[in-house]
Novice: 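Structure below; questions to follow.
These values consider heavy atoms only, across backbone and side chains, with no hydrogens, waters or symmetry-generated copies. Treat the numbers as computed from the prediction; the structure is a model and nothing was measured.
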Amino acid sequence: MTKTDPRIDAAWRAIHRADKCIQSILDTALNQARLPNTEVYSALCELHTNPQQKSAKDLENALLLPQYGVSRLLSRMERSGLISRTSGKSDHRKKILKLTKKGERQLAEMSRVYQAALAEHLGERMKLGQLERIARLLSLLDDDTD
């Protein structure tokens, strides 16, 4: 068995714990407001900020979720009336995802709760320079920021 540098292991554990902690805080805040979870929020945000011809595969890549997870998520969102799926123009098998008016309203409501929870948890604990430094350091791990 290969031994990992303890600094790498400590960094990973800190990142993982922070992610789980913040995820739990955000899901709790959304749940208390009787709103869907952070997966739904992330999908709605992605469809809102990048509305051009999004498919389930595009969402998979953007959210870093497996195909089966995105499929279930989209089915729940469609049943709730938050999104619609239409056939692509060139390939009728490909389904194009669109936010509905209900999805837009849900996103706005969720954003208020989500942003307030983030501000309370991160904004009150850290200074602006610390938040910027964390964002810059973590972006080094993201393949999409090259």
Side-chain angles (χ1 to χ4, degrees), residues 7-146:
R7 296 170 295 184
I8 293 171
D9 192 47
W12 164 243
R13 282 196 322 269
I15 291 166
H16 185 68
R17 286 180 54 80
D19 175 60
K20 293 293 185 188
C21 177
I22 293 168
Q23 189 78 36
S24 176
I25 287 166
L26 294 172
D27 276 328
T28 297
L30 291 168
N31 187 30
Q32 287 174 346
R34 298 186 184 278
L35 293 168
N37 65 20
T38 54
E39 277 189 349
V40 172
Y41 178 76
S42 295
L44 291 173
C45 283
E46 185 61 31
L47 293 173
H48 176 76
T49 57
N50 298 305
Q52 70 283 356
Q53 301 291 305
K54 283 284 183 191
S55 68
K57 186 68 174 171
D58 296 328
L59 212 53
E60 255 177 68
N61 295 331
L63 300 179
L64 302 175
L65 290 173
Q67 181 274 327
Y68 64 87
V70 170
S71 180
R72 287 185 203 148
L73 175 64
L74 293 175
S75 291
R76 284 194 326 262
M77 292 172 68
E78 188 174 32
R79 278 193 307 274
S80 297
L82 302 177
I83 63 164
S84 65
R85 294 191 238 198
T86 57
S87 295
K89 290 182 178 150
S90 60
D91 181 356
H92 292 290
R93 294 170 299 170
K94 183 177 181 179
K95 298 298 181 191
I96 303 302
L97 308 171
K98 297 277 186 197
L99 277 183
T100 62
K101 293 291 183 195
K102 181 178 180 181
E104 290 283 353
R105 287 190 306 271
Q106 184 83 88
L107 176 59
E109 191 176 348
M110 291 178 82
S111 289
R112 285 190 291 279
V113 172
Y114 191 94
Q115 296 303 321
L118 275 180
E120 182 180 335
H121 185 70
L122 293 178
E124 292 180 5
R125 292 177 179 214
M126 296 182 196
K127 296 177 182 158
L128 183 58
Q130 291 172 317
L131 291 169
E132 291 168 344
R133 196 168 31 240
I134 287 171
R136 192 173 54 254
L137 288 170
L138 290 175
S139 73
L140 296 173
L141 302 174
D142 188 353
D143 290 338
D144 287 344
T145 59
D146 296 336

Novice: Is it true that the side chains of D58 and S55 contain a donor and an acceptor less than 3.5 Å apart?
Specialist: yes

Novice: Under 3.5 Å, is there a donor-acceptor pair between the side chain of S71 and the main chain of Q67?
Specialist: no

Novice: Do L73 and V40 have side-chain heavy atoms sitting under 4.5 Å apart?
Specialist: yes

Novice: Can you tell if the side chain of C45 reaches within under 4.5 Å of the side chain of M110, non-hydrogen atoms only?
Specialist: no

Novice: Measure the spacing between NE2 of H16 and SG of C21 and express it to the nearest 0.5 Å.
Specialist: 12.0 Å

Novice: Report the distance from atom CG of L74 to atom CG of L65, rounding to the nearest 0.5 Å.
Specialist: 9.5 Å

Novice: Identify the heavy atoms of L59 and A43 that sit nearest to each other, and give their distance.
Specialist: CD2-CB, 4.2 Å

Novice: Can you tell me how far OG1 of T49 sits from CG of L44, rounded to the nearest 0.5 angstrom?
Specialist: 10.5 Å

Novice: Atom CD of Q106 and atom CG of L82: how far apart are they, to the nearest 0.5 Å?
Specialist: 5.5 Å

Novice: Return the set of residues passing salt bridge (charged side-chain N to carboxylate O under 4.0 Å, His left out) with E109 (not counting sequence neighbours), or none when no residue passes.
Specialist: none

Novice: Which distance, rounded to the nearest 0.5 Å, do you find between the CG of L30 and the OH of Y114?
Specialist: 8.0 Å

Novice: Under 4.5 Å between any side-chain heavy atoms of I22 and L118, yes or no?
Specialist: yes

Novice: Is the closest side-chain heavy-atom distance between L99 and I83 below 4.5 Å?
Specialist: yes

Novice: What's the separation between atom NZ in K54 and atom CD1 in I96, rounded to the nearest 0.5 Å?
Specialist: 10.5 Å

Novice: Below 4.0 angstrom, N of the basic side chain to O of the carboxylate: do E60 and K57 qualify?
Specialist: yes

Novice: Could you check if a side-chain atom of E39 sits within less than 4.5 angstrom of a side-chain atom of R72, using non-hydrogen atoms only?
Specialist: no

Novice: Once salt bridge (charged side-chain N to carboxylate O under 4.0 Å, His left out) is applied, do any residues pair with K102, and if so which ones, sequence neighbours excluded?
Specialist: none

Novice: Just wondering, are more than 12 heavy atoms of other shown residues or ligands nearer than 6.0 Å to CD in E120?
Specialist: no

Novice: For the side chain of T100 and the backbone of G103, is there at least one donor-acceptor N/O pair under 3.5 Å apart?
Specialist: yes

Novice: So, the side chain of S24 versus the backbone of K20: is there a donor-acceptor pair under 3.5 Å, distance only?
Specialist: no

Novice: Would you say the side-chain atoms of S80 pair up with the backbone N or O of M77, donor to acceptor, closer than 3.5 Å?
Specialist: no

Novice: If I compare all heavy atoms of M126 with all of Q130, which pair ends up nearest, and what's the gap?
Specialist: CA-OE1, 3.3 Å

Novice: Shortest non-hydrogen contact from V113 to A29?
Specialist: CG1-O, 3.5 Å

Novice: Taking T38's backbone N and O only, do any of them form a donor-acceptor pair with D27's side chain (distance below 3.5 Å, no angle check)?
Specialist: yes

Novice: Any side-chain heavy-atom pair from I15 and L138 closer than 4.5 angstrom?
Specialist: yes

